[in-house]
Every structure is written in C-alpha cells, then in structure tokens.
Amino acid sequence: MNVRVRIAPSPTGLLHIGNARSALFNWLFARHHGGVFILRIDDTDQARSERQYEDDILSGFSWLGLDWDEGIEVGGLHGSYRQSDRLDRYRSVATDLVERGLAYYDFRSSEELDRLRTTAQKSGRAPAALIRNPGGSLDEARRRIDSGEKAVVRMDIDVSKSIEFVDLVRGEMRFEGDAVDDFVVLRSDGSPTYHLASSVDDVDYEISHVARGEDLLSSTPKHIILTEAMGAAPRTYAHLPLLFGPDGKKLSKRHGDNSVKAYREQGFLPDALFNYMSLLGWSLDADTTIFTRDEAVAAFDFGDVSKNPAVFDTEKLSWMNGMYLRAMDPAEFEAQAVSAVEDDVGRDLEGDERAVLAEMLPLVQERVKFTSEIAGQVRFLFVGEVDYDERSWNKTMKADAPRALAASIDGLQDLGDWSISAIERVLRAMLEAEDLNARKGLQPIRVAITGSNVSPPLFESLAALGAEQSIGRLRAALDRLDADPD
RNA sequence: GGCCCCGUCGUCCAGCGGCCUAGGACGCCGGCCUUUCAAGCCGGUAACGCGGGUUCGAAUCCCGUCGGGGCUACCA
C-alpha cells in the first residue's frame, strides 16, 4: 500500500490539541506503513488566516516530534503546500465543473437563500433540500457575470444518487443524495471553499487516506462527489473521535488554553503529551499505558481506533508527565533544571553552585511532575535569605519550635564534619534530648532552612546549603520567633 | 427541525457470543514506607443507559427507546 496522508490545519489560531491528535494519528499511520506524512496549510479563509499561527503550528508539530516528509518548508513533488498559492488551480477546477454541467453559477441573495432554508425547516425537510439549481442557461449566467454581477459556484447534486463509502474507523457509511446540499465551491470573490480546495489538493497530491475529526464526517459525501467529478477515485477515509473538554463539549478552539503551546509552556514534556494523546481513542493493548513512539508506530491501525469521543483529562496527563520526568536521563534533567533555576533566581549559577545543584537533583527528580516545579524546590540554595511561605511558617512554628531551633543551633554550630550523616546524627540526638518527635522537631528546621514545608529531604538540604548559611538561617528563624512569638 | 455519529467505572482504554463473579490506567479512599512533600509498594472504591428480542448462552448480534455529540455558512 502506497500510503500518503496529510494534516491540513488552518492557520486561524494556535495549534489546537485536537489538531495535534489528528496529526499524531496520521503520523503513526504513515510511519507504520512506511508512508509519507504531509503538512499542508489550508489558508483559503484569507480573512482569518495569519502567518503567526502558521509558525505556531509548525513549531508545535516539530516540538511534538511529528516530522513531516512533504509540505510546508520541506517542499515536495507537487508545488506549494499552502493553499493560498494555488487559488488559480481551484478556480480552474470550478470553471471546468461549470462547463461540464456539474456545477452552476448561483446569483441568489443570502436573504433569498435564508428564506428557502427556513421554509424547508418548517416543512420538516433538510434545510438545504430546497436550495437546488434554479435552472437558466450558462450563456445567460456568463453574460450576467461579465456585466459585473456576483455569483457563487455551487455543485449541482444528483439527488437520486446516494453516496456510500467505508470509513476505516466507523465502517460502512451511506448518505442519501437529497441530504447533500448544493454546496458552494467558489465564493463570489472567486476564492475556493474548504471543500473544493481540500478535495482538489487531496487528488493533486495523491493523498491515499484522509484521517480527520468526526466533525467532517457529514462533509465527506461532498468530498467524494468532488473527487469523482475530477475523474479521480475516492480516497479512503477515517473519521477520528472528537476530543471533548470536561464539560462534554467539543474542546474549545477559542482562547488558547487548549493549544499545544499552552501545554508546552506549562512544562509538559513532548513525549508525555505524545503518549497521552495517542491514548485518546486508541490503545497499544489491553494494559499498557506508557509506551514509546516506536511501540505505537508498530501497533497502530485506524481499525483499532475507538468510535467514541474522548474527554481530555489533564490529571492523567500530569501524572504521565511525572512518569516521563522521572524516567528522564539525569543529564537532560540537569540541563533543564539549571536553566529553570537560572531563570528563577535571575542570574547564572557559579561552578560550585552547579555542583551543589547537581547533587540535589536526584532528590528533586523523583518528586516533581513538571520542570516548572524544580526551581521552587531548590531555590533556597541560591538565595541569600529565604522568603518564608507564611502558611508553612504558621503551621509549623508552634510552641516547640524555639526549643528545637535553639537546640539544633547548639548541636550544629560546632560540628566539624558537615556531612549528611553527621548532621543527621546531631539532629536525631537533639530530638532525643528534647523529647520531640520528628514532626515537631524537624519541621521547624525545614521551614527555617528552605522557607517551606515542602522541600527535598532535610539532612541533604542542610548539607547542600553549608554550615554557615544553615546556622545563619536557624538563627534568623529563631529571632523572628522571638520578635513575634505567635 | 433535518441528516449523521456515538453510548462499558467520575475520566481514558480493553472486551469483537461462552475465558466477564467485566480487565488495565488516571482520580479518589485506606495502608506500608517516611523528617515534609512526593515517589514507590500493597489493598479498596466504581461501569456494561433503559426496554424488548435472537440464542443453550449477550457487555458483545437485532429492534426500539432514552441520552450525549457533530453537521446543517460564500468557517474549516
């Protein structure tokens, strides 16, 4: 099988997670069959298309690792992969359709059309059932065009003919001819509609399989009609289940919160997002949740794609992100951590600071879900004095706190060997001597040292911070308690 | 309103007539571990929308019903 699939986003907004999922399935299918994955830009809607969005789409796919073999930027055998470059081609197909009697010029006003739709709806018929070819000669129509009248070009649907096709996901599909409206292929300004441009490109670029969201399922008869009108064989279609938000509605395309960019900025890893998205409507097998791209490529088939819509669950994505973060190569994790911390403290780290950080990182890697959480865990090592998290402070600095802090200072200040084990020994002895449990005795130290209740393990944190700084902070916390004993 | 699609734990997925007293994952709850928070480990919670058929036997097939969704533009 000569597989050529495409993803054809419209640059009218940031790369949407739904589009990314469609792209992902197309990519998996192409890679599985050793086929060609094509990226085309469907920018026929000139009014809403913007170049910045095209850039965002490209970088989104690249970031996700969905590399394309043909298309925008990489080129290919078939000329431009941007529809706005191919307007003449679409126009000439439309003209040809008219000349062959398969399409017609329609001069009717939108008011008139609306009336027809309303009438149809009242009589319980398909809204489009009454919008059919009003007749009239082509010569007459041409005269009116020449005299400056505006017209759209509509397909002249043969209502006696039903359209049947086999959808790879949904099985046999059948649409009656009179359920298909005489849809517009060329707007009155001469620009093509989505249906025309997309069908022409799918033929010209020899696309073998069209896999896209289920929202286009009911447009498929139109695309088949157009394809056949061009004298080409229909493509094979696969309509993927839609992605829903938690509200059970189509994932919002509006505000950028469901954009790939937004997830990227929140600190999600591309591998995690890839893995998670592939689980939306598909599964590797009955019980594997985490798997590699290669495993997915090896197993993928449209026939195994679920028919039901899927709710996008950020909880599970977050969990998966943590799994990937923990599995990340330590050197890679360190690189990410260094830049995150430097951003956070607003300066570059010195050599010895990087060593301290590197020592701490294994402890951090196993307790974060996002790279964006790293800085918060280790910030205390790179600032002169800590900002106390007030909630942590209030929760921890109770009656026993001064005692624990004072005794710790006593024990630690003369400690010659500032090692993890030595620190632990001293502090455990302190707990014993003061008759405090770990929670009461050690938590105040944690807050004094890191500023927060939540931090890497305590003895390691003290060791990493160093004797001078540590004791200074214990004293500072004690002073603060004395000044304000609540 | 019309056409179309879909209906298994709260969510994602497995199940393609007997292996299902329905399996895995997230979440949630409990336990272990433990200096916090996590992680890890162990255990638990929870679903075949409903009604009819077909069949020795149905989550799986058929019909109906109810529910959800998509489309219904000179958007894609």
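Residue numbers start from 1 in every chain, and the chains themselves are labelled A, B, ... in the order their sequence lines are given, proteins ahead of strands. Note that this is a predicted model, so its numbers are computed, not measured.
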Report which part of the nucleic acid [X] touches: base, sugar-phosphate, or nothing (heavy-atom distance under 4.0 Å, all strands).
X: A:Val184; answer: sugar-phosphate
X: A:Arg154; answer: sugar-phosphate
X: A:Phe175; answer: sugar-phosphate
X: A:Leu279; answer: sugar-phosphate
X: A:Ala438; answer: sugar-phosphate
X: A:His195; answer: base
X: A:Gly281; answer: sugar-phosphate
X: A:Leu113; answer: nothing
X: A:Phe459; answer: base

Numerically ordered, the residues 443-455 of chain A set in heavy-atom contact under 4.0 Å with RNA chain B is A:Gln443, A:Arg446, A:Asn453, A:Val454, A:Ser455

For RNA chain B, the residues among residues 305-326 of chain A that have a non-hydrogen atom under 4.0 Å from it:
A:Ser306, A:Lys307, A:Asn308, A:Pro309, A:Ala310, A:Val311, A:Asp313, A:Glu315, A:Lys316, A:Trp319, A:Met323, A:Arg326

For residues [X] and [Y], establish whether the separation of their ring centroids is below 6.0 Å.
X: A:Trp282; Y: A:Phe25; answer: no
X: A:Phe302; Y: A:Phe29; answer: yes
X: A:Tyr276; Y: A:Phe268; answer: no

For RNA chain B, whose closest nucleotide is more 5', that of A:Leu242 or that of A:Arg428?
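Its nearest nucleotide being more 5', the pick is A:Arg428.
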
Residue whose nearest RNA chain B nucleotide is more 5′ - A:Glu172 or A:Trp282:
A:Glu172

In whole Å, measure the gap between the [atom1] atoms of [N] and [M] for me.
N: B:rC33; M: B:rA38; atom1: C1'; result: 13 Å
N: B:rA39; M: B:rG51; atom1: P; result: 41 Å
N: B:rC20; M: B:rG2; atom1: P; result: 44 Å

Counterpart base for [N], defined by Watson-Crick or G-U wobble contacts under 3.5 Å:
N: B:rU65; answer: B:rG49
N: B:rU35; answer: none
N: B:rA58; answer: none
N: B:rC19; answer: none
N: B:rG30; answer: B:rC42
N: B:rC3; answer: B:rG70
N: B:rC12; answer: B:rG24

Taking 4.0 angstrom as the limit, do [X] and [Y] come out as a salt bridge?
X: A:Glu214; Y: A:Lys307; value: no
X: A:Asp204; Y: A:Arg86; value: yes
X: A:Arg51; Y: A:Glu54; value: yes
X: A:Asp181; Y: A:Arg154; value: no
X: A:Asp156; Y: A:Arg132; value: no

Nearest-neighbour nucleotide for the A:Ser283 side chain, B:rA14, B:rC3, B:rC74 considered:
B:rA14

Give a yes or no answer on whether the side chain of [X] reaches the backbone of [Y] with a donor-acceptor pair at less than 3.5 Å.
X: A:Thr288; Y: A:Leu284; result: no
X: A:Asn26; Y: A:Ala211; result: yes
X: A:Gln365; Y: A:Leu325; result: yes

Using a cut-off of less than 4.0 Å, is there contact between a side-chain N or O of A:Arg117 and OP1 or OP2 of B:rA73?
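Looking at the OP1 and OP2 atoms of B:rA73, one of them is under 4.0 Å from a side-chain N or O of A:Arg117.
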
Do any side-chain nitrogens or oxygens of A:Arg174 fall under 4.0 Å of OP1 or OP2 in B:rC4?
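Looking at the OP1 and OP2 atoms of B:rC4, neither is under 4.0 Å from any side-chain N or O of A:Arg174.
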
Indicate, yes or no, whether a donor-acceptor pair under 3.5 Å links the base of B:rC37 to the side chain of A:Arg367.
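Present.
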
